[in-house]
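Beneath this line is the structure, given in structure tokens, with notes to follow.
All values below were derived from every heavy atom in this structure, side-chain atoms included, with hydrogens, water molecules and symmetry-related copies excluded. Order of listing sets the numbers, starting from 1, for every ligand and every atom in it. All residue numbers in this chain count up from 1 along the given sequence.
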Amino acid sequence: MEILRLPALSDNYIFLLCDRDSQTAAVVDPATAKPVLAALDRLNVKLVAIFNTHHHSDHVGGNRELLKHFPEAVVYGGSEDKGRIPGQQQYLREGDRVQFAGRIADVFFVPGHTRAHIAYYFPPNQPGQPGELFCGDTLFAGGCGRLFEGTPAQMVTSLTKLRTLPDNTQVWCAHEYTLKNLKFALTVDPENPDLQQRYQQVQKSRQNDEATVPSLLATEKQTNPFLRWESPTIQAAMGSKDPVQTFGRLRGKKDMF
Ligand SMILES: [Zn+2]
């Protein structure tokens, strides 16, 4: 399974999963159809699945148009998103599995950004290889999604599920927000050397117009304050020793940043 990253709208990423052997593809969160159709055409592959993480238009905006061209493609989304994802046919819950290219992905229910958000995790197909996590707007490189329909407690539970995956997991989040996220992270965790180093790297990448997605889960655990609600430094900065309260205050502060 090859993974292609297609930039869309102002800062979205659409991910195209491609299986050259069977000449099929699946797409994760098609914000728009155009770049997907162009890539499918270029690669000469047929779209068989649309994996949506949540109902926001910059994640499902391309569904209808893609279905016009590939009416047999199956549209997957969370069971709680029923009625909100165009063309949805499969209603996934925690523990469900989906298949593509001989790989099986686990579905995680990760509410917080929205009440129905799910994530897809493809475990490694060979020992030593990384797993691939498609987490939509739940976990970002250096940050996390806003809480539009969920509570800090829900988001902490959701992020805990993702944080528990192997360190070498590749995190394919849906937006290029990394630089701004790390700028914020430095305001609450300024002495973290891993964070300082990552900020320098990301600054360079962005100056060269390079994508910072995917990132490594190990890096997120070291530098992303939204996975570090147990860190004494972050807790001190937020004036709380309670993980959920620490997370909630952190999210509130970021909303104003
Ligand atoms: Zn969203």
Given His56 and His117, is the ring pair (Phe, Tyr, Trp, His ring centres under 6.0 Å) satisfied, shown in steps?
CA-CA 10 Å; His56 285 158; His117 204 300; 8.3 Å; no
How is the N/O/S atom of His56 that comes nearest to the Zn ion (ligand 1) named?
ND1
Does some side-chain heavy atom of Val60 sit less than 4.5 Å from a side-chain heavy atom of Asp29?
no
Mutual orientation of the aromatic rings belonging to Phe247 and Trp229 [parallel < 30°, tilted 30-60°, perpendicular > 60°]
perpendicular
Relative to each other, are the rings of Phe15 and Phe134 parallel, tilted or perpendicular (30° and 60° limits)?
tilted
Vertex the Zn ion (ligand 1), arms to Asp137 OD2 and His54 NE2, rounded to 10°:
100°
Indicate if the distance from the Zn ion (ligand 1) to the nearest N, O or S atom of His117 falls below 2.8 Å.
no
